[in-house]
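Data first, discussion second: the structure below is written as structure tokens.
Values below: all heavy atoms of this structure, side chains included; hydrogens, waters and symmetry mates excluded. Everything numeric here is computed off the predicted structure, so don't read it as measured data.
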Amino acid sequence: MRYEDHQGQPFDVRAYAPSDRRGLEVMYAAFEPRRRAQGLPPGDAIGISRWLNRILAQGEHLVATIDGRIIGHAMLIPMEHDTLELANFVHQSARNRGIGTMLNKLAVARAEELGARRVWLSVEPSNRAALKSYERAGFRPLPGMLWGQELEMTVDLSSAQTGASPT
């Protein structure tokens, strides 16, 4: 589906297809800062390939594109008890434009379609842009998790309101 970023520029979000693999490798090879989120993405081509082999084999994946170039990747990885883990990566050329927030909202909507009970994530508390984006998608910090090295957040899908509508 087509959306507009905060600058009024179009971008598309769709389900990952195997033909997207090379585009993900290219995005992650140029990703900055390296190993930003909990050591991810890996910092070299071999590490990226191994990581993609592992994560693409499970869960659901969305890609965001501008002019056919992948600039974002959201993944929903199965956990226990009807819970999916969300991870979201947006290339530095497309940050602060609302693309990551849209990916988060669409991932939450997809999780709900899949029948998940909740979506969970872990984020570094210093990553303020990510925190705001996750909050806009309905995530809230888990109680007692405000001052650790990692902040755990969740959205209860019975009360999720994604607000993900195309242009």
Side-chain angles (χ1 to χ4, degrees), residues 1 3 13-18 20-21 23-25 27-29 31-43 47-65 70-92 94-95 98-164:
M1 303 234 26
Y3 301 89
V13 178
R14 60 181 165 70
Y16 168 82
D20 294 323
R21 171 63 186 251
L24 281 177
E25 290 173 349
M27 181 188 89
Y28 285 122
F31 196 88
E32 293 293 339
R34 295 255 187 243
R35 303 175 65 84
R36 170 67 169 111
Q38 303 157 333
L40 298 174
I48 291 168
S49 180
R50 287 181 181 152
W51 178 60
L52 288 174
N53 287 343
R54 189 174 65 253
I55 63 168
L56 293 174
Q58 57 184 324
E60 296 276 326
H61 299 265
L62 299 173
V63 293
T65 64
I70 294 177
I71 50 85
H73 176 206
M75 59 192 88
L76 291 165
I77 306 298
M79 296 177 71
E80 55 189 39
H81 307 297
D82 299 323
T83 298
L84 297 173
E85 178 181 0
L86 173 67
N88 178 343
F89 297 89
V90 177
H91 188 270
Q92 61 273 11
R95 291 184 191 141
I99 295 169
T101 298
M102 183 55 69
L103 276 170
N104 291 332
K105 289 178 179 181
L106 292 168
V108 167
R110 181 65 183 135
E112 192 167 27
E113 290 171 2
L114 293 168
R117 201 170 39 88
R118 72 181 188 131
V119 180
W120 174 91
L121 62 86
S122 176
V123 62
E124 294 172 356
S126 62
N127 191 344
R128 295 191 187 279
L131 288 171
K132 284 175 152 177
S133 177
Y134 294 134
E135 287 173 351
R136 287 183 182 123
F139 287 87
R140 298 295 174 254
L142 289 174
M145 296 300 301
L146 295 176
W147 303 111
Q149 290 186 350
E150 297 295 326
L151 176 64
E152 293 182 42
M153 300 179 81
T154 189
V155 62
D156 176 355
L157 296 179
S158 64
S159 62
Q161 295 184 8
T162 62

For a quick test of reading the model, state the closest non-hydrogen atom pair linking [X] to [Y] and the distance between them.
X    : Y    : result
A64  : I99  : CB-CG2, 4.0 Å
L52  : E25  : CD1-CG, 3.7 Å
Q92  : E32  : OE1-N, 2.9 Å
I48  : P42  : CG1-O, 3.5 Å
G100 : S133 : C-OG, 3.6 Å
A107 : L86  : CB-CD1, 3.6 Å

Please check this pair: side chain of [X] against backbone of [Y], looking for a donor-acceptor N/O pair closer than 3.5 Å.
X    : Y    : answer
R118 : L84  : no
T83  : H81  : yes
T154 : V119 : yes

Find the distance between [atom1] ([X]) and [atom2] ([Y]) and round it off to the nearest 0.5 Å.
X    : Y    : atom1 : atom2 : answer
D20  : T65  : CG    : OG1   : 8.5 Å
E60  : L106 : CD    : CG    : 13.0 Å
L24  : I55  : CG    : CD1   : 7.5 Å
E85  : E152 : CD    : CD    : 9.5 Å
L114 : D82  : CG    : CG    : 11.0 Å
N88  : M75  : CG    : CE    : 8.5 Å

With the side chain counted from C-beta on, respond yes when [X] and [Y] share a heavy-atom pair under 4.5 Å apart, and no when they do not.
X    : Y    : result
V63  : M27  : no
M153 : R140 : no
V123 : R128 : no
N104 : R136 : no
T101 : K105 : yes
R21  : N53  : yes

Notebook entry, point to check: Are the charged groups of E135 and K132 less than 4.0 angstrom apart, N to O?
Noted result: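 So E135 does not pair with K132 through a salt bridge.
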Next item on the list: Show your working on ring pair (Phe, Tyr, Trp, His ring centres under 6.0 Å) between W51 and F89 and close with a plain yes or no.
Entry: CA-CA 14 Å; W51 178 60; F89 297 89; 5.6 Å; yes
Next item on the list: Test V13 against M1 for side chain to side chain contact (heavy atoms under 4.5 Å, CB included), laying out the working first.
Entry: CA-CA 6 Å; V13 178; M1 303 234 26; 5.9 Å; no
Notebook entry, point to check: H73 vs Y28 aromatic rings, parallel, tilted or perpendicular, using cut-offs 30° and 60°?
Noted result: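 Ring orientation, 0 to 90° scale: perpendicular.
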Item checked: Atom CZ of R50 with >12 non-hydrogen neighbours under 6.0 angstrom ->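 Incorrect, the count does not exceed 12.
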